[in-house]
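Right, one structure below, let's go through it.
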Amino acid sequence: MKKNMINDSTNVTDYEIERYDAMRDLNLKLYRNCLHYNGDIPTAVGSADGQHALSGKGQWTDGFWPGLLLLAYSGNQDDLLLREYERYMPFLEERVNNDSLVNKSRGYMDLDHDVGFIFHLTAVYHYLLTGSRSSRTVGLRSAEVLLGRYQKNGSYIRAWNDWETDTPQFRQEKKGKAIIDSLMNVPLLFWAAKETGQSCYRNAAEAHATQLARCIVREDGSTYHTYNFNHETGSPIGGSTVQGYSHTSAWSRGQAWAIYGFALAYRYTGNKDFLLASQRCLQYWIQSTLPEGDAPWDFAAPRNQWLPVDTSAMSIASCGILELGLHDSVDGELQEVAERIISRLLQAHRPPTSPYVHAFLLHGSVGPAYKEGSQEEKDRKYIYSNQSLIYGDYFLYESILRLQPSNILLPWDF
Ligand code: GLY
């Protein structure tokens with residue numbers, strides 16, 4: 001444990017002082033953001049200068065801002081934050097219906113495997129915090145959507161739907177595609193199993209996580225972003241990427257989802273294979289980060305002068321490491337690893353405090369990152385690196401809450 005630099009006989013560490021100071025700033029921003037968002041939701045693609053643009057409703061990221069309000073409520077016990085969250089409940093109720101005509105008319109994506117990000121962090125957590133029956137219903141409906149994507153042939157959860165921009169080949173591939181991110185959605189199924197007593201939810205969650213531990217984690221502990229199965233027979237085909245540098249590379253946010261997702265799967269099952277998978281993924285992370293502690297957007301991207309980092313991967317990884325530390329920590333060793341990442345985020349990647357800056361972090365990468373000015377970048381509608389991402393903010397806040405001394409209820413505590 002890093003001691004205080006001025007007086008090493010105190011139990012207060014420099015990390016704690018830094019986080020305490022940061023948390024005041026994040027809370028101030030969060031209250032100000034209530035005014036800025038005013039019932040709306042930031043976009044999934046973020047912004048370079050820390051000004052989160054609106055209207056992002058209808059994306060995989062719908063849960064992060066309302067979820068942040070609940071995290072802050074859990075940490076601060078201020079009813080105002082709960083009231084602010086409740087403004088989003090009608091939207092979440094409409095969203096979980098997944099009516100294709102409504103989705104089309106409002107520009108919402110049809111729901112896919114990311115229902116966990118949307119509804120676990122909101123409806124399920126709201127139910128855990130308040131006992132709200134309507135939120136319980138929304139949570140269970142979202143779990144049904146996820147369960148409906150489970151493929152018995154192959155034992156995996158299908159990730160994505162068809163998109164308008166798909167090539168015929170990609171559309172075909174997606175029929176049998178699982179992705180690493182989905183590990184963060186399966187806790188929704190573990191919750192539904194516990195809540196309803198129906199084992200089908202738990203069986204699908206455990207089978208999917210088992211399949212990913214086998215297929216998507218490589219020998220060296222790195223991860224494929226996606227894994228393809230033959231959608232008819234269920235036989236494994238091989239790994240590939242959509243948001244990473246190459247099919248054989250390790251996209252750092254995927255690696256972070258793996259550390260965190262497997263650690264959570266262990267929490268709910270006690271299955272040692274998941275603990276081991278999380279530990280192996282963490283080992284790869286530790287040996288692959290940049291000297292100053294940053295995660296490049298992809299661990300196999302060329303390490304030349306132009307190498308965007310992904311702060312969202314770092315904040316997710318720090319939560320995952322803290323989760324892993326609950327189950328496997330030698331003398332707070334893992335806490336120290338997470339504290340170093342959080343400290344790096346706070347020191348090197350925080351935007352200035354200003355009423356016009358909403359983000360908690362700069363320098364996220366949606367992925368794949370293409371150099372500014374390159375043809376690939378010009379062909380895209382948005383810039384995918386050097387962005388403030390609402391999910392980076394969410395997991396930074398969660399990681400700091402996890403380190404606070406009082407027992408704060410998190411969405412994962414059921
Ligand atoms: N789950 C989508 C992403 O991490 O970009």
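Just so you know, ligand 1 is whichever comes first in the structure, and atom 1 is the first atom listed for that ligand. Here the structure is a predicted model, which means the values were calculated and not measured.
Partner of Tyr268 under the ring-ring contact (aromatic ring centres under 6.0 Å, His included) criterion, out of Phe414, Trp412, Trp191: Phe414 alone. Partner of Tyr391 under the ring-ring contact (aromatic ring centres under 6.0 Å, His included) criterion, out of Phe117, Trp60, Trp65: Trp60 alone.
If you number the atoms of ligand 1 from 1 as listed, the ones under 4.0 Å from a heavy atom of Trp257 come out as 4 (O). If you number the atoms of ligand 1 from 1 as listed, the ones under 4.0 Å from a heavy atom of Gln243 come out as 3 (C), 5 (O).
With a 4.0 Å cut-off on non-hydrogen atoms, Tyr384 does not touch ligand 1 at all.
Heavy atoms from other residues, nucleotides or ligands lying under 6.0 Å from OH of Tyr245 number 12 at most.
The single protein non-hydrogen atom nearest to atom 1 (N) of ligand 1 is Asp181 OD2, 2.8 Å, given as residue, atom name and distance. With hydrogens left out, the protein atom closest to atom 5 (O) of ligand 1 is Arg253 NH2, 2.6 Å, a heavy atom.
For the pair Thr269/Arg202, a side-chain contact is recorded, criterion being any heavy-atom separation below 4.5 Å from C-beta on.
The aromatic ring centres of Tyr284 and Phe299 sit less than 6.0 Å apart.
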